[in-house]
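Computed over heavy atoms, backbone and side chain alike; hydrogens, waters and symmetry mates excluded.
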Amino acid sequence: MATPLVLQVTCVVLVLIVGFGEIIPLAEAEIPCGSVQMTVAPCIAYLTGPAAGPVPAPCCNGVKRINDQAKSTADRRSVCTCLKNTALRIPGLNLPHLSALPTTCGVNLPYKISPSIDCNTVT
């Protein structure tokens with residue numbers, strides 16, 4: 001027969017496994033929106049400028065960094081939602097520049113960035 005201490009430890013371990021089983025999936029996802037915004041902030045002047053010119057290197061570096069960080073579907077959806085919500089608040093945003101930005105920076109995305117994207121479909 002097990003000692004009371006062994007039973008107590010076993011119960012605590014089971015409670016932790018069951019309790020944290022619900023929390024662990026949340027820990028694997030979601031890059032904070034503020035971090036995304038800071039990383040792609042060098043793109044704002046390009047995306048709101050009147051003339052087509054080269055994309056600034058810091059902008060493309062930020063786009064690539066965010067793409068590299070978004071490893072899971074939850075990360076990609078979180079980044080998509082952040083970019084979409086941010087784009088909706090930027091006056092004078094050049095939508096063709098926005099949707100072409102990943103390709104221009106050499107990043108292959110399976111979707112177009114736009115204020116109308118349904119981020120729940122991003123995988």
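Here the CD1-OG1 distance, from I31 to T39, works out to 8.5 Å after rounding to the nearest 0.5 Å. Interatomic distance, S35 OG to R65 CZ, rounded to the nearest 0.5 Å: 8.5 Å. Remark: Q37 CD to C82 SG distance equals 4.5 Å, nearest 0.5 Å. Separating the CG atom in N120 from the CZ atom in R77 is a distance of 6.0 Å, to the nearest 0.5 Å. A distance of 8.5 Å separates CG in N108 from CG in N67, rounded to the nearest 0.5 Å.
No side-chain heavy atom of L47 sits less than 4.5 Å from a side-chain heavy atom of I90. Between L101 and I113, every side-chain heavy-atom pair lies at or beyond the 4.5 Å cut-off. Using a 4.5 Å cut-off on side-chain heavy atoms (C-beta onward), I117 and C80 make contact. Counting heavy atoms from C-beta on, the side chains of V55 and C60 come closer than 4.5 Å. Between T73 and V122, the closest side-chain pair of non-hydrogen atoms is not below 4.5 Å.
Here the closest heavy-atom approach between residue R76 and residue T123 is recorded as NE-O, 2.7 Å. The two residues V63 and P102 make their nearest non-hydrogen contact at CG1-CA, 4.3 Å. The minimum heavy-atom distance between S99 and K112, with the atom names listed, is O-CD, 4.0 Å. Across every non-hydrogen atom of G49 and N94, the tightest pair is O-ND2, 4.2 Å. T81 approaches C119 most closely through the heavy-atom pair N-SG, 3.3 Å.
With hydrophobic clusters built from ILVMFWY side chains whose heavy atoms lie under 4.5 angstrom apart, Y46 shares a cluster with L95. The cluster map of Ile, Leu, Val, Met, Phe, Trp and Tyr, joined by side-chain heavy atoms under 4.5 Å apart, puts L83 and I44 in the same cluster.
Disulfide check for C59/C105 fails, with the SG atoms at least 2.5 Å apart.
The local environment of CG in D118 is crowded, with over 12 non-hydrogen atoms from other residues, nucleotides or ligands closer than 6.0 Å.
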